J.: 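Dumping the structure here so I can ask a few things about it.
Below, each value reflects all heavy atoms present in this structure, side chains not excepted, and no hydrogens, waters or symmetry copies. These figures come from a predicted structure and were not determined experimentally.
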Amino acid sequence: MKEQSFIKGALIISVGGIAAKILGAFYRIPLANALGGEGMGIYQMVYPLYCLLLTLAATGIPSGLCRIVAHAEAVGKDSSGILRRALLVFSLIGAAGSVLMFALAPVMSAVQREPGAETAYRMLAPGVFAVAAISCFRGYFQGKGNFFPTALSEVLEQLVKVGLGLFFAYAYRGNTVRAVAYALLAVTVSEAVAAAFMFVFYRVSKRRAPHKGEPVEKPGAWKLVRFILPVAVAAGVLPLSNIVDSIVIVHMIGRHSGNATALYGVFSGGANTLVNLPVSVCYGLAAAIIPLISSLYAKGEISEAEKKICFALKCTFFVSLPAAAFLFAFPSQTAAFLFGAVTGEEGAWLVRLIRIMSFGAVLLSAVQTLSACLTGRGKPKIAAISMTAGVTVKISLELLLVRIPGISVSGAAIAAICCYFVALLVNLLYSIRDKKNLARTMFELARFACLAAVAAAVAYPLRTMNVLVPLAVMAAVYIPLCVLLRCFSREELGIFGRRKGHDNHSRAGVRPGRSDGGRKRGDPLGG
């Protein structure tokens with residue numbers, strides 16, 4: 001299949017992800033009606049352990065493997081051997097995660113004092129193995145510049161989960177425990193179907209376009225894990241910190257307020273959810289930039305790679321800044337539209353949190369993009385270190401601020417913003433070294449911020465109307481302004497390919513046959 005451009009790849013990943021999220025969001029409404037409050041409680045009890053095991057067994061595999069495969073493909077090697085080795089290694093890790101979850105089922109249900117959760121844990125356990133396998137295939141295809149399999153598998157996954165999940169939930173709605181267990185079995189089946197789809201897609205693509213290059217040397221199991229591990233840490237440290245948040249924030253607020261759990265829910269399930277929407281849209285940019293950056297570094301085109309990093313950040317600002325401006329200008333309208341049941345004191349806190357967290361939409365989106373760029377460079381440890389530093393600042397500030405009654409849960413939002421800022425600063429310093437590129441990036445940040453502010457100001461008089469009206473007006477102002485000011489050139493929106501008759505190696509000032517740090521081009525892991 002023809003390699004897709006950066007913009008096209010980002011759009012494919014983003015559209016697939018958005019479609020999957022929409023299906024998942026609509027799924028929760030009828031599912032909650034079928035399972036009831038008790039059933040949804042059991043359903044939610046099982047997910048923290050599942051997500052933790054997925055973080056350990058599968059998080060980071062697509063990004064890390066994408067970089068390894070892209071590097072091998074850039075130097076004309078057949079990367080299918082990398083996929084086979086990755087499947088062997090990470091499927092075993094995923095299987096270990098499944099076995100662990102199955103074995104811990106009685107222990108977890110006893111600790112949670114919910115006997116009905118034991119069966120639910122066991123129904124969901126095989127999903128860890130399936131997700132590890134899916135992650136390998138997604139990383140492989142993304143490394144080859146093909147983003148369709150990832151998008152299609154995400155949508156297929158959701159369709160199977162929604163269809164089977166609702167069928168089981170309504171079929172067994174007279175028995176809450178069984179209904180929950182089978183609804184979670186639908187999750188496992190959906191992952192298995194997605195894994196089977198990826199396998200078939202791989203076999204068909206290999207038959208249609210067999211790689212004629214020399215097979216790349218298969219990386220050792222430990223070497224593979226050693227490269228993926230920092231990527232997993234960078235991707236998983238923030239979700240893992242949320243477990244700490246649930247303890248720290250509730251405990252600290254509980255010292256001066258009787259509704260600590262509700263306020264934590266408003267912060268985590270309300271403000272954070274809204275901020276993650278633009279971040280999710282920008283995920284496509286992060287996924288699409290990895291193979292491009294890895295390929296350029298493999299060819300020794302360091303200068304060109306840095307320009308593409310700047311362009312990826314520019315696209316991130318284009319998407320995230322108007323989203324942040326909208327959340328900042330219309331927090332009460334957004335809260336009333338999406339969380340109409342949250343009123344009174346909790347509703348007031350939600351509005352305050354949305355306004356503070358709106359800055360996080362830009363910062364976290366940029367962190368995500370630069371972390372992907374660092375992975376593409378073969379420097380995932382930097383992304384892991386930056387996010388670990390950010391989370392350390394976040395937890396420290398939470399301990400200081402949340403305990404103050406006047407600040408309360410707002411301290412968690414302030415701490416989160418500082419976390420993202422620290423991580424972004426570290427990533428930026430390591431990703432963009434050329435001062436001209438850095439100045440140009442800051443200019444683009446200021447330009448899109450100004451355009452977003454103008455669009456928000458034009459829409460602000462309509463704040464008393466339904467929130468969709470000012471949203472539409474903002475879009476109608478912001479996008480034409482970007483076009484009129486020619487924020488994106490025709491060349492930037494085109495396919496990033498090598499220009500004929502142009503020696504990129506000499507322009508970058510790097511000897512052919514060498515990439516970042518003088519590593520051998522033939523080693524996708526930089527060993």
J.: Quick check: closest heavy atoms across A169 and L31, and the distance to 0.1 Å?
T.: CB-CD1, 3.9 Å
J.: Measure across I289 and C373 and return the closest heavy-atom pair with its distance rounded to 0.1 Å.
T.: CG1-SG, 3.8 Å
J.: With sequence neighbours left out, what residues match N276 under side-chain hydrogen bond (donor to acceptor under 3.5 Å, both in side chains)?
T.: none
J.: Under the side-chain hydrogen bond (donor to acceptor under 3.5 Å, both in side chains) test, which residues partner Y121, sequence neighbours left out?
T.: Q112
J.: Among all residues two or more places apart in sequence or in another chain, which pass the side chain to side chain contact (heavy atoms under 4.5 Å, CB included) test with Y172?
T.: F168, R178, A179, Y182
J.: Which heavy atom of A335 sits nearest a heavy atom of V351, and at what distance?
T.: CB-CG2, 4.3 Å
J.: Would you say CE of M465 has more than 12 non-hydrogen atoms from neighbouring residues, nucleotides or ligands within 6.0 angstrom?
T.: no
J.: For residues 346-364, which residue pairs qualify under salt bridge (charged side-chain N to carboxylate O under 4.0 Å, His left out), counting only residues two or more places apart or in two chains?
T.: none
J.: Is S257 reaching over with its side chain to a backbone N or O of I253, donor-acceptor style, under 3.5 angstrom?
T.: no
J.: Do V409 and V266 make a side-chain contact, defined as non-hydrogen atoms from C-beta onward lying under 4.5 Å apart?
T.: no
J.: Check side chain to side chain contact (heavy atoms under 4.5 Å, CB included) between L54 and all other residues, then give those that pass, not counting sequence neighbours.
T.: Y50, V128, V131
J.: May I ask you to check whether F359 and Y420 place their ring centres under 6.0 Å from each other?
T.: no
J.: E191: what forms a salt bridge (Lys or Arg N to Asp or Glu O under 4.0 Å) with it, not counting sequence neighbours?
T.: none
J.: For E157, which residues count as a side-chain hydrogen bond (donor to acceptor under 3.5 Å, both in side chains) partner, sequence neighbours excluded?
T.: R138
J.: Of all residues at least two apart in sequence or in a different chain, which pass the salt bridge (Lys or Arg N to Asp or Glu O under 4.0 Å) check with E444?
T.: K314, R447
J.: Looking at residues at least two apart in the chain, or sitting in another chain, which of them share a side-chain hydrogen bond (donor to acceptor under 3.5 Å, both in side chains) with Q142?
T.: T150
J.: Kindly state each residue pair satisfying side chain to side chain donor-acceptor pair (under 3.5 Å) with at least one member in residues 459-487, sequence neighbours excluded.
T.: none
J.: Measure from the side-chain N and O atoms of T369 to the backbone N and O of S365, and report whether any donor-acceptor pair falls under 3.5 Å.
T.: yes
J.: Taking salt bridge (Lys or Arg N to Asp or Glu O under 4.0 Å) as the test, write out the residues that go with K161, two or more places apart.
T.: none
J.: Looking at residues at least two apart in the chain, or sitting in another chain, which of them share a salt bridge (Lys or Arg N to Asp or Glu O under 4.0 Å) with R122?
T.: E118
